[in-house]
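In what follows, chains are A, B, ... by sequence order, proteins preceding strands, each numbered from 1.
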2 protein chains.
Amino acid sequence: MITSRDVARLAGVSQPTVSRALRDDPKVSEATKQRVREAATALGYAPNAIGRALSVGRSTRVGLVVTDLENQFYAHVIAPMHQELERLGHELVLITESSEAAPVAEHVLAHGLCGVVLATTTVDSVLPTRLRDRGVPFVYFNRTALAVPADSVTVDPERGVRDLLADVVGQGHRRIGAIFGPRNTSTGEQREQVVRAVLDEYGIALAHRDVRHGPFDFRAGHEGAHALLDGDDPPTAVLCANDVVALGALNAAAELGVAVPGDVSVAGFDDLPTSSWALVRLSTVAYDLDAMSREAARLLVRRVDDPHAEPVRAVYPTRYIARATVAAPRA
Amino acid sequence: MITSRDVARLAGVSQPTVSRALRDDPKVSEATKQRVREAATALGYAPNAIGRALSVGRSTRVGLVVTDLENQFYAHVIAPMHQELERLGHELVLITESSEAAPVAEHVLAHGLCGVVLATTTVDSVLPTRLRDRGVPFVYFNRTALAVPADSVTVDPERGVRDLLADVVGQGHRRIGAIFGPRNTSTGEQREQVVRAVLDEYGIALAHRDVRHGPFDFRAGHEGAHALLDGDDPPTAVLCANDVVALGALNAAAELGVAVPGDVSVAGFDDLPTSSWALVRLSTVAYDLDAMSREAARLLVRRVDDPHAEPVRAVYPTRYIARATVAAPRA
DNA sequence: ACGGCCACTGTATGCGTATGCACGACCAGG
DNA sequence: CCTGGTCGTGCATACGCATACAGTGGCCGT
């Protein structure tokens, strides 16, 4: 391995001067910088991140805390976030939040991560508290747990859901069912509230038997839709917690021979690429997940550089995209 | 941060003794180990991975080199691999192979990764050579570049493709088209060869105009199928490089109003979860991607521990899964 | 001409852990 | 009683980089 010492020897300076020169310290003369840079490129020197991390007390690695790596949704979070972090000179390491929060917090410290993005926070998680107590910078992504304030990047479902429901109700649906997300997630809770509030404006209430709750995964949508649609008097429309859930529901409908949107309308939330497939054509609520992921990366890096900056709460707007899974109920 | 020195003070021993005791060095007496362990848990001490990495010259972080993080396929690689690595006490960091190979190799050294998994090698990539020259342990996953020998985990398409083609040909297809993968990937090349060889046994040759080549992504399948199916005399079956490509093809068919399998049969390779959706029901060639991903993780860790171990080449068998996208051509 | 300041560079040290080596204690054998 | 060995522990140091601090030399002002 080529070290700064090797570069120093070649450039005829001391090791600290190499360190300073390459980091563009103004206290080093231009001439020296030039020589050092030449020596560095001649040797193919690259600073050792481990050494630097040990020295400065923190690394350039940020963790992304996620529970369900197989979930399609996160692929579209990881990719842009990773790209943005790379652009900023940081690395992405994946962390799955296995049951206990303590391991995650310890993990962060022990491995010298400079900060973490929490993408699957539950409102009752102790992880944010732990991180705050240990002084680990973090940002909420998508979901939050506002008891512990921090930078956050979230979505405002209002506009999109309002327009979605305008379409659904406008088409004539009155018996509306829903497969909501977990109550202990801010996104699940918030979307449910908005749906109920807007429907209330139309004088529509969700029947208890038409409502399901479950995780944000395919299975929840699949099982939920089976339960909702298999009876003798199913709702004419099913609102889903997100697109992945909606995909589960669409497939359940297909299995049951229930036509979409002929027999039942289905709507999602997220507008994943899959949702625009010709085989799917899911009517859903869209927002800029890509931009959000990048912003989360930037916010975290900013936070790491300046731990006392005022927390920013970025909120992304939503819009309804009418495709082919919402239509008028059968007469 | 709590260091081994703090533990040493509390336990009344020296710092090196703490280091040895916690790593279960036989040269430390049981009594001392006991005291050290107690002190460590009392303080909530966790060894600092950075310090250790600097000291031993390598870390416990392994890189996964991938080009297309959005690709569904890799979600099903990353999840199990990550889990297995975690089990083995390692971390996963994502690396995207941006154009040049040099950056990746340097990156690995600079960030002290203990090894990498190459999941998107091309046969003409210089990365394997670079890694070998720099002594960085690595394993090939899925694809290989055999010019540079190393551990590898791959798939043997033979059995699955043979059975698939038996079905396709048995159903009566003679005009068969294909959207193959890139020629500079071992998987693309190998699958194409097997397909051609087996078809040859049936006395069938692929017409030049019925063959497309492209990356292993949705778009390639989508555009390829548009090209193949939009003419006045399309093939009656389209073999796809993998499931993601097949999904692109299925959607293109849907857009064109071409019925599957009524007007055209479509087959894939991989058997991703999506392929078994009721909306998709893709006939495809399956293998145990989950087990492969885990094995790659284990092999890499083994290689890191013993750089001179004999390279192992794990090859996974395939089997054909007939679902609903392959049927007899229209009379 | 000399004090003082600025610009630059080198020296020394620290970050947390691992490890070669030396040392002391203790025991057995001669 | 001394020698030689073993066992357990501490000491010193290394890993690669960053940084506080201590110089060194030159230049300017008086």
Contact nearer the 5' end of DNA chain D, comparing A/Ala46 with B/Pro26: B/Pro26
Pairwise 5' ranking along DNA chain D for B/Ser55 and B/Val28, keeping only the more 5' one: B/Val28
Donor-acceptor pair present, B/Arg20 side chain and D/dG8 base, under 3.5 Å: no
Check: C/dA18 base within 3.5 Å donor-acceptor of B/Gln15 side chain: yes
Choosing from [options], which nucleotide comes nearest the side chain of [X]?
X: B/Pro16; options: D/dA12, C/dG16, D/dT9; value: D/dA12
X: A/Ser19; options: D/dG10, D/dA18, D/dC15; value: D/dA18
X: A/Asn48; options: D/dG16, C/dA12, D/dG10; value: D/dG16

What is the distance, to the nearest angstrom, from the [atom1] atom on [X] to the [atom2] atom on [N]?
X: A/Tyr45; N: D/dC17; atom1: OH; atom2: C1'; result: 7 Å
X: A/Glu30; N: C/dT9; atom1: CD; atom2: C1'; result: 15 Å
X: B/Ile50; N: D/dC17; atom1: CD1; atom2: P; result: 14 Å
X: A/Gln34; N: C/dT9; atom1: CD; atom2: P; result: 13 Å
X: A/Leu54; N: D/dA18; atom1: CG; atom2: C1'; result: 10 Å
X: A/Lys27; N: D/dA20; atom1: NZ; atom2: P; result: 7 Å
X: A/Arg52; N: D/dA18; atom1: CZ; atom2: P; result: 4 Å
X: B/Ile2; N: C/dG16; atom1: CD1; atom2: P; result: 11 Å

Candidate pair A/Thr32 and A/Ser29, rule side-chain hydrogen bond (donor to acceptor under 3.5 Å, both in side chains), full reasoning: CA-CA 5 Å; A/Thr32 307; A/Ser29 72; 2.8 Å; yes
Touch class at under 4.0 angstrom, heavy-atom based, for B/Arg23 against every strand present: sugar-phosphate
Sugar-phosphate, base or nothing in reach of A/Val13, heavy atoms under 4.0 Å: sugar-phosphate
A/Ser14 side chain to A/Thr17 side chain, donor-acceptor N/O pair below 3.5 angstrom: yes
Salt bridge flag under 4.0 Å for residues B/Arg134 and B/Glu106: yes
B/Glu38/B/Arg35 salt bridge by N-O under 4.0 Å criterion: no
Counting only side-chain nitrogens and oxygens, does [X] get under 4.0 Å of the OP1 or OP2 atom of [N]?
X: B/Thr32; N: D/dG8; value: no
X: B/Ser14; N: D/dG10; value: yes
X: B/Ser4; N: C/dT17; value: yes

Identified side chain to side chain contact (heavy atoms under 4.5 Å, CB included) counterpart of A/Arg61 within the set A/Val116, A/Leu85, A/Val93: A/Val93
